[in-house]
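Scroll down for the structure; my scribbles are underneath it.
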Amino acid sequence: MTEIGLSKNNIINVSEVTKIDGSSLWVGRRRVLLSEFKKSFIRYPYDLIPPFTATYRNREAAEYFKTVALLLDHVSVNPLASTWMLRNRAFSLKEAASSGADVAEFVLQTSNSIEIRPGPVVLKSIGNCFVTENESDVTKSARDFLVSCEDDGDLAVIFPASLVNFRNVSKYLKCFGYAFLQKSVNSDKEFRVYLVDDDCFTYIRDDVPEFDKSAARYFETDYDLSCRLLQALHSLRVKYGLGYMCFDVILDRCGKECVIDVNPYGSMPCFDDFPEVSIALAKVLMA
């Protein structure tokens, strides 16, 4: 989680805040009035997720970040209420489709549902989020599906997007009870698209052998999104009052653009050329 507020020409990280009241924050011994902040970007996707509130200390830490987010909501690039809704994978894709984008077909399956048809499907987490920070919390049966990785400097146990058959889906359902399934798209190219207000930045993912390309590098590209898709993405951004939004788009072998993910906080991998998105966004806003 990265919390950044902008005051005049200074960047303030929430980890530097030592005291908070109803009208101001203290950075060390320096007081900064909430009214002085011009912009804030709260990269805070895990606000109400139970694994982060398993202990009293973790719950209090979560509420601390939430306090800062809500106090600065009046100048936030992305209001917390909107981003909380759009972190739900099924809802955000449904809203993208309603705005006019072509999205990969999906279904939310429960253990009591009818059996899905045989064939390869993409299995993802519903909430597009961390499962836990503590591997000891993960049961033995769950470890067959989860992997340990580092994200934005935090060690996490997550469920990566996986191409599976219906038998593995059944095993997953027995373990977790719910499964977000997405139609597999035969892709030629995969892009990550960033909207910052009216500006659009499109990057192409490196072609890596792994199915889950979330850690693949990005490169600049001459590819321009179609006017139809770009209009749909901006329509969704405006509908929820967001100054920043990220999308994963696949170009299939027939040349059709298909949105497979929507993320109001999406970041780039931490390479020298592509810094963590909060810092990059702060520089764009301050410019």
Side-chain angles (χ1 to χ4, degrees), residues 1-6 37-49 65-66 68-108 122 124-129 161 180-183 185 190-203 214 223-252 256-268 277-278 280-282 284-285:
M1 292 184 295
T2 302
E3 317 284 320
I4 288 183
L6 306 181
F37 283 82
K38 304 304 179 186
K39 292 286 185 182
S40 73
F41 181 70
I42 310 297
R43 188 161 189 260
Y44 191 73
Y46 317 117
D47 52 320
L48 297 177
I49 296 171
F65 285 110
K66 187 176 178 182
V68 179
L70 293 173
L71 287 175
L72 293 174
D73 204 48
H74 64 293
V75 291
S76 178
V77 173
N78 285 352
L80 185 61
S82 293
T83 51
W84 175 76
M85 287 188 288
L86 292 172
R87 284 293 295 183
N88 180 282
R89 199 168 244 127
F91 181 77
S92 62
L93 284 173
K94 176 259 181 187
E95 288 297 279
S98 298
S99 297
D102 289 320
V103 305
E105 296 178 23
F106 67 88
V107 63
L108 190 55
V122 182
K124 299 179 177 180
S125 59
I126 306 172
N128 191 12
C129 61
F180 179 90
L181 308 173
Q182 195 171 55
K183 182 179 179 181
V185 179
E190 185 172 333
F191 302 94
R192 172 152 282 201
V193 182
Y194 296 89
L195 300 182
V196 182
D197 289 330
D198 292 329
D199 294 322
C200 177
F201 303 91
T202 304
Y203 296 87
S214 58
Y223 180 79
D224 292 322
L225 296 179
S226 67
C227 292
R228 178 175 178 270
L229 178 57
L230 194 56
Q231 184 177 359
L233 299 184
H234 275 299
S235 177
L236 179 60
R237 181 188 65 79
V238 172
K239 179 178 179 179
Y240 284 92
L242 305 180
Y244 171 86
M245 205 165 193
C246 173
F247 301 84
D248 288 330
V249 177
I250 280 181
L251 188 67
D252 70 16
K256 181 181 178 181
E257 297 167 329
C258 184
V259 175
I260 59 172
D261 251 328
V262 179
N263 192 336
Y265 293 108
S267 62
M268 287 182 167
V277 72
S278 298
L281 180 60
V284 171
L285 292 170

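We number each residue from 1, following the sequence as shown. These values consider heavy atoms only, across backbone and side chains, with no hydrogens, waters or symmetry-generated copies.
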[Y] and [X], any side-chain heavy atoms less than 4.5 Å apart:
X	Y	value
Tyr265	Arg87	yes
Leu229	Phe247	no
Lys39	Val75	no
Ser82	Leu242	yes

Would you find a donor on one side and an acceptor on the other, under 3.5 Å apart, between the side chain of [X] and the backbone of [Y]?
X	Y	result
Asn88	Ala90	yes
Gln182	Ile260	yes
Ser235	Gln231	no

Practice problem: State which residue, out of Tyr223, Tyr203, Phe201, fulfils the ring-ring contact (aromatic ring centres under 6.0 Å, His included) condition with Phe191. | Solution: Tyr223
Find the distance between [atom1] ([X]) and [atom2] ([Y]) and round it off to the nearest 0.5 Å.
X	Y	atom1	atom2	value
Leu93	Asp261	CG	CG	6.5 Å
Tyr240	Ser92	OH	OG	9.5 Å
Leu108	Ile126	CG	CD1	4.5 Å
Trp84	Phe91	CH2	CZ	9.5 Å
Leu225	Leu251	CG	CG	10.0 Å

Give the minimum heavy-atom separation between [X] and [Y], together with the two atoms involved.
X	Y	result
Cys258	Ala104	SG-N, 3.2 Å
Gly100	Ala232	C-CB, 3.6 Å
Val249	Glu257	CG1-CB, 4.2 Å
Arg89	Ser125	NH1-O, 2.5 Å
Tyr194	Cys246	CE2-SG, 3.8 Å
Val77	Pro79	O-CD, 3.9 Å

Self-check item: Within 6.0 Å of NZ in Lys256, more than 12 heavy atoms from elsewhere
Solution: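 Count not over threshold, so no.
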Self-check item: Met245: which of Val262, Thr83, Leu233, Val196 passes side-chain contact (heavy atoms from CB on, under 4.5 Å)
Solution: Val262
Quiz item: Under a 4.0 Å N-O cut-off, is there an ion pair linking Arg237 with Asp198?
Solution: yes
Exercise. Quick one: list whatever passes ring-ring contact (aromatic ring centres under 6.0 Å, His included) with Phe106, sequence neighbours left out.
Key: Phe180
Quiz item: Applying side chain to side chain donor-acceptor pair (under 3.5 Å), which residue pairs with at least one partner in residues 68-80 are found, sequence neighbours left out?
Solution: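 Sorted result for residues 68-80: empty, none.
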